[in-house]
Amino acid sequence: MAILVFDNDEYRPPVWKSYLYQLQQEAPHPRRVTCTTEVENRPKYYGREYHGMISREEADQLLSLAEGSYLIRESQRQPGTYTLALRFGNQTRNFRLYYDGKHFVGEKRFESIHDLVTDGLITLYIETKAAEYIAKMTINPIYEHVGYTTLNREPAPKKPTPTSRDMPDGREPPGDDASLEERVKMFPEVCSTLFSLTSLVRRATLKEKDRAPKYEKVHNFKIHTFRGPHWCEYCANFMWGLIAQGVKCADCGLNVHKQCSRMVPNDCKPDLKHVKKVYSCDLTTLVKAHNAKRPMVVDMCIREIESRGLKSEGLYRVSGFSDLIEDVKLSFDRDGEKADISMNVYEDINIITGALKLYFRDLPIPVITYDAYPRFIEAAKLTDVDERLEALHEALKLLPPAHCETLRYLMAHLKRVTQHEKDNLMNAENLGIVFGPTLMRAPDLDAMTALNDIRYQRQVVESLIKNEDILF
């Protein structure tokens, strides 16, 4: 078989490891042991595998014929509870069985007992045969050699040239300008065994100009059921089981084992196909998905406000018509940067200010994050001006870069608003009243404490506006 040799600075397709996949194929198959007599009071969600109230010894005898045999019995010690008896490793294993619309003995929930047993046998077999192997899976991960690690390297001085040893069918190697996908097409028999076009490949083939600002972002991993065989994009090992085999990042699509997810760096690069909306989307996720410094809502609304609204009386204090504000929100969610918020569509500038305030209120994590919130409140309580500014400066360091940049840009804008106070009647104190609860929310505090914090929230924003040139 031909082997493609790539320059060290170019993406290297990972070799997916098949050991765990082979073990899954070898795992015992479920064998239902049916009850030959009619059992009274059989729960409607169990079938003929239910044997009623029999002892452990009786169950063991019924299951002794083959690996993978299983039945359900009612517990003699605790009537009304049910046990899954399963034959594995030449012994009978007993699991407390639950049902809440789906069957489960642990975290995973199944539509049928057969699926539960199938997944259980796979897990038992693999974790028995490959316990040491699984414990060492995260050593030397492929993630260190592909993905963001490769993407963030300094570009090589010249393009890498692939060469070929023992080229199949006498074909010439692909040219310097051939893409990764073209190489795949030219050598399918080689590359199809090496990798599939997963999120790793998408990251590794991003062009320099497409790279997002280097904001750190944690992956948004969710338990996921993969249809068909899937391999972990961190360790390159097979993701075993029937359902919930691993986790998938809801923002960038990275697929990894649950245990591997704890090792993945905070380098999520959101993909627009996973980021379905603008409002109510995590701020860092949004800016990374759009390769931007700040959310486009903030940039576009502020540009529009500054172009025609700085002298509008009661700017940000006066509310716009709520239905039209909702219309702006839907427009951003639907059209993104192409949303039209010009005077031709929304003559009242208060609709644009309302849409901007709504964006900040809808953020799942406020601009001033829950983690940083206590430090900002503590700073606001300081009476000495210099000490307060120093404390605010230190608190700003706790914000994620995308949050800090957005706050800096907004505060500079609000300071320009105050420079037109003669016309718009909005000073830093008034804007603090408007934006305090919008930019910072108390993290699970009791009602009285949260109420007391409102005045400090106002003071935080007021200080940030007045001193934006010093603090940022």
Side-chain angles (χ1 to χ4, degrees), residues 215-218 220 250-251 275 277-288 294-298 301-302 316-320 322 325-326 328-329 332-333 352-382 388 391-414 417 426 428-468 471-472:
Y215 294 153
E216 184 179 89
K217 179 184 172 340
V218 177
N220 183 18
D251 297 330
V275 180
K277 56 187 177 181
V278 172
Y279 278 68
S280 302
C281 177
D282 173 68
L283 194 153
T284 302
T285 299
L286 186 69
V287 298
K288 292 203 75 173
R294 298 171 297 273
M296 87 279 284
V297 177
V298 176
C301 286
I302 286 178
Y316 286 112
R317 180 174 52 79
V318 176
S319 299
S322 59
I325 292 173
E326 188 67 21
V328 174
K329 171 184 173 179
F332 274 115
D333 281 341
I352 308 304
T353 60
L356 180 60
K357 290 186 291 183
L358 178 62
Y359 171 75
F360 289 127
R361 286 198 302 272
D362 278 0
L363 285 172
I365 300 174
V367 175
I368 294 178
T369 62
Y370 296 121
D371 289 343
Y373 180 92
R375 293 287 292 274
F376 279 91
I377 295 298
E378 287 169 13
K381 292 178 179 179
L382 296 173
R388 178 187 294 181
L392 285 173
H393 183 68
E394 292 301 312
L396 286 168
K397 294 178 181 178
L398 300 178
L399 297 180
H403 286 243
C404 192
E405 167 58 23
T406 301
L407 186 62
R408 180 201 67 77
Y409 189 75
L410 177 64
M411 292 302 108
H413 161 65
L414 294 181
V417 171
M426 295 300 288
E429 182 180 355
N430 293 337
L431 291 169
I433 294 171
V434 173
F435 278 94
T438 301
L439 298 177
M440 52 195 305
R441 300 193 292 273
D444 299 324
L445 298 180
D446 62 85
M448 187 56 68
T449 305
L451 192 63
N452 291 335
D453 278 359
I454 290 177
R455 64 181 177 130
Y456 297 118
Q457 293 171 357
R458 171 185 62 75
Q459 290 172 7
V460 166
V461 175
E462 183 180 347
S463 296
L464 291 175
I465 294 172
K466 288 180 176 178
N467 302 282
E468 61 85 21
L471 292 172
F472 294 95

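These values consider heavy atoms only, across backbone and side chains, with no hydrogens, waters or symmetry-generated copies. Everything quoted here is computed from the prediction, not taken from an experiment.
Annotation: the span from Lys381 atom NZ to Ile377 atom CD1 amounts to 7.0 Å, rounded to 0.5 Å. The distance from the CG atom of Leu358 to the OG1 atom of Thr353 is 11.0 Å, given to the nearest 0.5 Å. Residue Tyr370 holds its OH atom at 8.0 Å from CD1 of Ile365, rounded to the nearest 0.5 Å. The CG atom of Leu363 lies 10.5 Å from the OG1 atom of Thr438; values are rounded to the nearest 0.5 Å. In this structure, Glu429 CD and Arg458 CZ are separated by 5.0 Å, a value rounded to the nearest 0.5 Å. To the nearest 0.5 angstrom, Leu399 atom CG is 12.0 Å from Glu405 atom CD.
In terms of modelled atom types and a separation under 3.5 Å, the side chain of Arg294 and the main chain of Thr406 share no donor-acceptor contact. Put simply, the side chain of Asp333 gets close to the backbone of Val278: a donor and an acceptor are under 3.5 Å apart. Side-chain N or O atoms of Tyr359 include none that pairs as donor or acceptor with a backbone N or O of Ser280 at under 3.5 Å. Using modelled atom types, no side-chain atom of His413 and backbone atom of Ile302 make a donor-acceptor pair closer than 3.5 Å.
Shown here are the side-chain hydrogen bond (donor to acceptor under 3.5 Å, both in side chains) partners of Gln459, two or more places apart in sequence or in another chain: there are none. Every residue meeting the side-chain contact (heavy atoms from CB on, under 4.5 Å) condition with Leu471, not counting sequence neighbours, appears here in chain and number order: Leu389, Leu392, His393, Leu396, Leu464, Asn467.
Taking the centre and axis of the six-membered ring of Phe435, the NZ or CZ atom of Lys357 falls outside the cone set by 45° and 6.0 Å.
Under the 4.5 Å side-chain criterion, counting only non-hydrogen atoms from C-beta, Tyr409 is not in contact with Cys404. Contact annotation: the side chain of Val417 approaches that of Leu431 to within less than 4.5 Å [non-hydrogen atoms, C-beta and beyond]. Using a 4.5 Å heavy-atom cutoff, the side chains of Asn430 and Tyr316 are not in contact. In this structure, the side chains of His403 and Thr369 come closer than 4.5 Å at one or more pairs of heavy atoms. For the pair Leu439/Pro366, no side-chain contact is recorded, criterion being any heavy-atom separation below 4.5 Å from C-beta on.
Side chains of Asp453 and Tyr373: a donor-acceptor N/O pair is present below 3.5 angstrom, by distance only.
Between Glu394 and Lys397 there is a salt bridge, since a side-chain N of the basic residue sits under 4.0 Å from a carboxylate O of the acidic one. With salt bridges taken as basic N to acidic carboxylate O contacts below 4.0 Å, one links Asp251 and Lys217.
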*Verdict with supporting geometry, Asn452 and Met448, side-chain contact (heavy atoms from CB on, under 4.5 Å)*: CA-CA 6 Å; Asn452 291 335; Met448 187 56 68; 4.0 Å; yes
*asked:* Could you go through Leu407 and Ile368, starting from their C-alpha distance and side-chain angles, then the distance that decides it, and tell me whether this counts as side-chain contact (heavy atoms from CB on, under 4.5 Å)?
replied: CA-CA 8 Å; Leu407 186 62; Ile368 294 178; 4.2 Å; yes
